[in-house]
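Structure first, then comments.
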Protein chains: 2
Amino acid sequence: MKPEHQIIDLAKVKVSCTNCSLTELCLPRGMGEDAVRKLEKIIKRASPLQKGEYLYRGGDPFNGIYAVRSGLIKVYANSDGGEEQIIGFYLPGEILGLDAIENNTHACFAVALETSSYCTIPFADLSGICKVVPELQDQLFKIMSRELTNENQMLLTLGKKNAEEKVATFLLTISNRYRQRGYSANDFKLIMSRQEIGNYLGVTFETVSRIFSRFQRDGIISVHKKYVNILDMDALKKLVSGCCG
Amino acid sequence: MKPEHQIIDLAKVKVSCTNCSLTELCLPRGMGEDAVRKLEKIIKRASPLQKGEYLYRGGDPFNGIYAVRSGLIKVYANSDGGEEQIIGFYLPGEILGLDAIENNTHACFAVALETSSYCTIPFADLSGICKVVPELQDQLFKIMSRELTNENQMLLTLGKKNAEEKVATFLLTISNRYRQRGYSANDFKLIMSRQEIGNYLGVTFETVSRIFSRFQRDGIISVHKKYVNILDMDALKKLVSGCCG
DNA sequence: ATCCTTCTTTGATCCAGATCAATAATGTCA
DNA sequence: TGACATTATTGATCTGGATCAAAGAAGGAT
């Protein structure tokens, strides 16, 4: 019943974009070979973050954007009142830090939820970089545009869905993103805690726990602590599209 | 008590970015004179939208991004179940349509809430355009980044704030955006309905109405149908920053 | 004008999910 | 190995905001 842990453990270090298994998901997606080779020269690879270590914090100067290479990175914003809102969980191949371009300062916090490696795309001289790698410009526009689309979806989830639909949406989104990365869409480990899932979805962790239990009782999923097995994908999909779907 | 209506009526048609009063808020913000002149040659001005007319609809092909010149444009997303979530209200100088770059298709709907004029920045050959106007590239990165920051704030509002804090946040945000545009920050007309405010904030229109009444009873604002007068800005600010603020 | 539709306000009631509480399971470190 | 902190589950109760309802106010069409 328990899925093998290594299916989502990507801690292997890749040396170049060309050889990286993420190339079709990450920044180089759709770029020509020449462009990717030029990109490789710009990108910096840092030593991995340990669980709990920060990639950046609110107030930090903006030095570049980041691509997750392995692991999982949580990004959250702080309200004036000190409350945290998790903005997203970033999987390998996903880009974070884009929201700091305008102010040259990070407003959010990015922290590793497990050992995570990443690449840095220095942004100090972006105009220069995009001149050297013209395809990078369009690529960045597309990545930022996709991020906006994702956030629009999240606004809809937070604004219009009930707790059950939120949790179902969350599970489906995670499942799809794992599938894109070549992992099982039905069997995975939730690295984040119930508390963090609830925070992200605008519900309490008790509610998340209860809905997981309810889904299990109804044969939609099976849950053992952090391991989730989706048993009835169609039922989940029906839940997210609301009553009329 | 009732503010003059024309303070937010910008229906005058401007002919060029150089002469446009919005230049410091809009796409040309911070760009050099030469760049702005080149930009002017690319930008297209269309005849105004009447109230209820659509700038684009979900499924429409992506032809370019839009800058609001006057009026107010509402952007909303549709869920599978047919529910609408308003993503934003766009004021003069603000840019919309950026989320359609990646898929070359609009997923959202943009409709004028009053007579509104706009400019189109054709995006078919963006690489070409940014070669002609290099400053435009950085400008677009910044604008998209700011949009991401705004949406992050909205996620926090939807996910963590109660109804009172949501409405207070909404009023302050509108107030700030009017001030930036040279209008009164204390006296303005809400073009959108209570229904639309509620939809945007993830509460019902009855709740919006009740909270407006409560704020009026407490001397924080005065409301007459669509006209709002902020009487105690500090009280509003205190409300949005939560208990500990 | 008059009708009709839409928007807004306000009251009464209800309920989904929050909060409070207790226990169990798991992980961590000495 | 045991002591302690953290995380997860489940139950009981409470409440903010939803829902249901009604009536007034404003705007639009003819």
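Model, not experiment: these values are computed from the prediction. Chain identifiers are assigned alphabetically (A, B, ...) following the order of the sequence lines, protein sequences preceding nucleic acid strands; residue numbering begins at 1 within each chain.
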- Item | side-chain contact (heavy atoms from CB on, under 4.5 Å) assessment of B:Met233 paired with B:Ile230 | CA-CA 6 Å; B:Met233 189 67 84; B:Ile230 298 181; 4.0 Å; yes
- Task: When you get a sec, tell me which of D:dA18, D:dA8, C:dT8 is the closest nucleotide to the side chain of A:Lys226?
- Result: D:dA8
- Message: Rounded to whole Å, how long is the line connecting atom CE of A:Met192 with atom P of D:dT6?
- Response: 21 Å
- Item | Test of ring centre spacing under 6.0 Å for B:Phe89 and B:Tyr200 | yes
- Which whole-number value in Å describes the distance from A:Leu201 CG to C:dA16 C1'? 16 Å
- Task: Using a 4.0 Å heavy-atom cut-off across all strands, classify B:Phe212 as base, sugar-phosphate, or nothing.
- Result: nothing
- Message: Would B:Phe212 and B:Leu190 count as a side-chain contact (heavy atoms from CB on, under 4.5 Å) here? Give the steps.
- Response: CA-CA 12 Å; B:Phe212 276 0; B:Leu190 295 171; 3.8 Å; yes
- Query: When the distance from CD of A:Glu196 to P of D:dT7 is rounded to whole Å, what number comes out?
  - Reply: 8 Å
- Query: B:Ile211 has an atom CD1; how far is it from atom P of D:dA18, in whole Å?
  - Reply: 9 Å
- Give the rounded distance in Å between these two atoms: OH of A:Tyr227 and P of C:dA25. 19 Å
- Rounded to whole Å, the CD1-P distance (A:Ile191 to D:dT7) equals 14 Å
- Item | Side chain A:Ser70, main chain A:Ser117, donor-acceptor under 3.5 Å | yes
- Query: Do the two ring centres, one from B:Phe109 and one from B:Tyr56, sit under 6.0 Å apart?
  - Reply: no
- Could you tell me whether B:Ser193 contacts a base, only the sugar-phosphate backbone, or nothing, with contacts defined as non-hydrogen atoms closer than 4.0 Å? sugar-phosphate
- Task: Apply side-chain hydrogen bond (donor to acceptor under 3.5 Å, both in side chains) to A:Tyr76 and list each qualifying residue two or more places apart in sequence or on a separate chain.
- Result: A:Tyr54
- Look at atom NZ of A:Lys226 and say whether more than 12 heavy atoms of other residues, nucleotides or ligands are closer to it than 6.0 Å. yes
- Determine the contact category for A:Gly202: base if any of its heavy atoms lies under 4.0 Å from a base atom, sugar-phosphate if only primed atoms, P, OP1 or OP2 are that close, otherwise nothing. sugar-phosphate
- Starting at atom CD of B:Glu83, determine the distance to atom C1' of D:dA18, rounded to an integer number of angstrom. 13 Å
- Task: Hey, which sits more toward the 5' end of DNA chain D by its nearest nucleotide, B:Lys51 or B:Ala163?
- Result: B:Ala163
- Nearest-nucleotide pick for A:Lys225, side chain only, options being C:dG27, D:dA8, D:dA18: C:dG27
- Query: How close or far is atom P of C:dA18 from atom CD of A:Glu164, stated in whole angstroms?
  - Reply: 14 Å
- Between D:dT9, C:dT10, D:dA18, spot the one nearest the side chain of B:Ser213, thanks. C:dT10
- Task: Please report how far the helix from C:dA1-D:dT30 to C:dA30-D:dT1 bends, comparing the axis fitted to its first five pairs with the axis fitted to its last five, to the nearest 10 degrees.
- Result: 50°
- Taking the side chain of A:Asn162 as its heavy atoms from C-beta onward, which of D:dG17, D:dA8, C:dG17 lies nearest to it? C:dG17
Detail all sub-3.5 Å separations between protein N/O atoms and N/O atoms belonging to nucleotides 11-15 of chain D.
{"residue": "D:dG11", "atom": "N7", "partner": "A:Arg210", "partner atom": "NH1", "Å": "2.8"}
{"residue": "D:dG11", "atom": "O6", "partner": "A:Arg210", "partner atom": "NH2", "Å": "3.2"}

- Remember a base hit wins even if backbone is also touched, and classify A:Val208 as base, sugar-phosphate or nothing at under 4.0 Å, heavy atoms. nothing
- Message: Check this for me, if you would: do A:Glu94 and A:Arg181 make a salt bridge, where the nitrogen-to-carboxylate-oxygen distance has to be below 4.0 angstrom?
- Response: yes
- Note on the structure: Ranking D:dT9, C:dT9, C:dA18 by distance to the side chain of A:Thr204, first place goes to C:dA18
- Message: Is there a side-chain contact (heavy atoms from CB on, under 4.5 Å) between A:Ile87 and A:Glu151? Walk through the geometry before answering.
- Response: CA-CA 9 Å; A:Ile87 301 300; A:Glu151 295 218 7; 3.9 Å; yes
- Item | Polar side-chain atom of B:Lys166 near backbone of B:Leu201 as donor-acceptor pair, under 3.5 Å | yes
- Quick one: is B:Thr207 getting a side-chain N or O under 4.0 Å of the D:dA18 phosphate, OP1 or OP2? yes
